[in-house]
Participant: 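Take a look at this one; I'll ask things after.
Numbering of ligands and ligand atoms starts at 1, following listing order. We count residues from 1, following the sequence as given. Excluded from the calculations below are hydrogen atoms, water molecules and symmetry mates; all remaining heavy atoms, backbone and side chain alike, are included.
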Amino acid sequence: MPIEMDQLVALCKRRGFLFQSSEIYGGLNGFWDYGPMGVELKRNVREAWWRDMVTSHNEMVVPLGAPSTYEMVGLDCTIIMHPQVWKCSGHYDLFHDFLVDCRESKGRYRYDQVYGRWVEGRGQRFFVATQDPSSAGEEAMRHQALKFLGLRAKDADELQWQGPMVCLTTIDDFSKVLGPDAKTLGTLTEPREFNLMFETHTGAIRNETSKTFLRPETAQGMFVNFKNVLDSTRVKIPFGIAQMGKSFRNEITPRNFTFRSREFEQMEIEFFCRPETSADWYKYWRDRRFQWYLNLGLSPERLRLRDHDPEELSHYSTGTADIEYAFPFMAAGEFGELEGVAHRGDFDLRSHMEGKLDPKSRPLEVEKDEHGQPRYRGSGRDLSYFDEQTKERYLPHVIEPSAGADRATLAFLCEAYCEDEAPDENGKPTKRTVMRFHPRLAPYKAAVFPLVRKDGMPEVAQEIYGALKPRMNVFYDEKSAVGRRYRRQDEIGTPFCITVDGQTLADGTVTIRDRDTLRQWRVHKSECVAEIERLVSGQ
Ligand code: GAP
């Protein structure tokens, strides 16, 4: 059943998954805080990624679908790096979106995210623009068009809509465009470039030379440390460097909950390989990363792998596939990017070595900055790789699986949200909201309840809680009716509840309840820890 985004957003606030940043001051657009449940969920997403990609990777075994064995190591780089990094990476010049401003409403929109339709009425033909191409957006457009023509709702059949919804980028002349929040025509400005990097200054003096940037991706830290990793470890190509951490982009229109934020976390791998093997590694990583989301519970109907069209490719990429998810806030049939798997060739290493800007090796060293220094000068360091066995020296090619921790967390939240019926304490079926997280991702793995707060039940429950606590995150609750306690755990996605009841005192057994199937069974309290560990690990 499709979920309503409003309900998920409300649950996230009510149960402590996500809060608007600085909410008491009215919030800050594009920034989100993770509450007590959210922080556990996101940490579990990150830990699953790190464990599956890095620490549990066995470099002695060829993984299914891989061309050979390979090694993986990790890195944790700074958010602020030398400004030259961003000049050589291309972000300084090319990391921009186009925006249009509305002179009337003062609204600011991303050019490629404004849509609209042509309409004719009362002898006028104009283009009604919206940021929301869904059916709700179409409804708002109808209202706006009627208002513009001074008509009422009952006159809607006077409007003749022409052609399908199209992007503003297909419109040449804005004089007949009614902006998304405008009352008159022709208020949108011509599109202009807007660099997405946040600027700051390092040191006491604030001038052009002290200007630095908050990293817009974690990737560059891995390229500029390529030689350090080679020299400090014994890794040999093929190998990958993994890093997760905050990235910052001054998005023009942050929206759709955490989907497009201005501060977010990435989980990126730069995988270095011999150029002639890169196509095979690219295919391996596409499939491997796609499968990772399926293994953690995203449904195959809502997940897809899509190859980029050539014109969609980033400035560095010679091939990219997106892993996409049908988020509930997208129009029917639309998907949103969860992760990009890019074939970056040798672009980044070459740029940081030689100062070239794009894969066509366009030399830009001739361009000078305000101090007369070559702007795109690389580090001048030799970032090539020497193969001891073949005695060859070459620049490795790179495959980059680049995921967003917040987007993945949002997809897991959307996938988990479910409303169904479950019997209440009187056995009567009642509506419940349940978050069906994969046990690896669930904030709490289990909850322990004494049925009542007497007869020695709390003592037994606390003993079980104490035995589980060092092994996993568990919750203890003895307040209110047990049926309500189950419902509370369902809403935060706790997969198993353990209840100590009258029978426990007689034969030492406790009840375990499965969140999804609602099945209940008894195990001896001494086997409880092993049983929960087995269930959580999916065995
Ligand atoms: N190093 C390559 C790179 O950064 P990207 O497609 O721009 O590629 C990778 O970003 C991933 O980072 C995206 O697939 C998405 O999951 C996440 N991401 C990018 N921009 C984001 C934003 N504004 N808010 C949340 N996540 C974002």
Participant: Do we get Arg192 above Phe98's six-membered ring, with its NZ or CZ under 6.0 Å from the centre and within 45° of the axis?
Facilitator: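 Ring-cation test returns no.
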Participant: I'd like to know if Glu71 and Lys236 make a salt bridge, using a cut-off of under 4.0 Å between side-chain N and carboxylate O.
Facilitator: no
Participant: Would Phe272 and Phe226 count as a close aromatic pair, with their ring centres under 6.0 Å?
Facilitator: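 Yes: the rings meet the under 6.0 Å criterion.
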Participant: Please tell me whether Trp32 and Phe264 form a close aromatic pair, meaning their ring centres lie under 6.0 Å apart.
Facilitator: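 No, too far apart.
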Participant: Examine the proximity of ligand 1 to Arg344 and report which part, side chain or backbone, both or neither, has a heavy atom under 4.0 Å away.
Facilitator: side chain
Participant: Under 3.5 Å between some N or O of ligand 1 and some N or O of Pro216?
Facilitator: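 Such a contact does not occur with ligand 1.
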Participant: Does the ring of Phe248 carry Arg262 above it, NZ/CZ under 6.0 angstrom from centre and within 45° of its axis?
Facilitator: no
Participant: At the 4.0 Å heavy-atom cut-off, does Asp406 count as touching ligand 1?
Facilitator: no
Participant: What atoms of ligand 1 come within less than 4.0 Å of a heavy atom belonging to Glu217?
Facilitator: 1 (N), 2 (C), 3 (C), 4 (O)
Participant: In plain terms, say whether Arg350 and Asp346 are close enough for a salt bridge, that is, a side-chain N and a carboxylate O under 4.0 Å apart.
Facilitator: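 Counted as a salt bridge, because a side-chain N and a carboxylate O are separated by less than 4.0 Å.
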Participant: Can you confirm, on distance only, whether ligand 1 has an N/O atom lying under 3.5 Å from any N/O atom belonging to Phe259?
Facilitator: yes
Participant: May I ask whether Gln220 places a heavy atom under 4.0 Å from ligand 1?
Facilitator: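 So Gln220 does not count as touching ligand 1.
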Participant: Could you see which bit of Glu251 sits under 4.0 Å from ligand 1, with heavy atoms only: side chain, backbone, both or neither?
Facilitator: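 Glu251 to ligand 1: side-chain contact only, backbone stays beyond 4.0 Å.
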Participant: Check each heavy atom of Arg262 against ligand 1 and say whether those closer than 4.0 Å belong to the side chain, the backbone, both or neither.
Facilitator: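 Answer for Arg262: neither.
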Participant: Given the ring of Phe335, does Arg304 sit roughly above its face, with NZ or CZ under 6.0 Å from the centre of the six-membered ring and within 45° of the axis?
Facilitator: yes
Participant: Salt-bridged, Glu324 to Arg302, with N to O below 4.0 Å?
Facilitator: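 No.
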Participant: Report yes if Arg260 has an N/O atom closer than 3.5 Å to an N/O atom of ligand 1; otherwise report no.
Facilitator: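 The answer is no, given that Arg260 and ligand 1 share no N or O pair closer than 3.5 Å.
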Participant: Short list, please: which atoms of ligand 1 are under 4.0 Å from a heavy atom of Glu268?
Facilitator: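 Atoms satisfying the 4.0 Å criterion: 1 (N), 2 (C), 3 (C), 4 (O).
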Participant: Mind checking whether Ser261 has an N or O less than 3.5 Å away from an N or O of ligand 1?
Facilitator: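 Yes - when backbone and side-chain N and O of Ser261 are compared with those of ligand 1, one distance drops under 3.5 Å.
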Participant: Which is it for Asp322 and ligand 1 at heavy atoms under 4.0 Å: side chain, backbone, both or neither?
Facilitator: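 Contact part for Asp322 vs ligand 1: neither.
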Participant: Tell me, please, whether Trp292 has Arg289 positioned over its six-membered ring: NZ or CZ under 6.0 Å from the ring centre and within 45 degrees of its axis?
Facilitator: yes
Participant: Please say whether Ala219 places an N or O atom under 3.5 Å from an N or O atom belonging to ligand 1.
Facilitator: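 No - when backbone and side-chain N and O of Ala219 are compared with those of ligand 1, no distance drops under 3.5 Å.
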Participant: Which of the numbered atoms in ligand 1 are below 4.0 angstrom from a heavy atom of Glu400?
Facilitator: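 Counting from 1, the qualifying ligand atoms are 1 (N), 2 (C).
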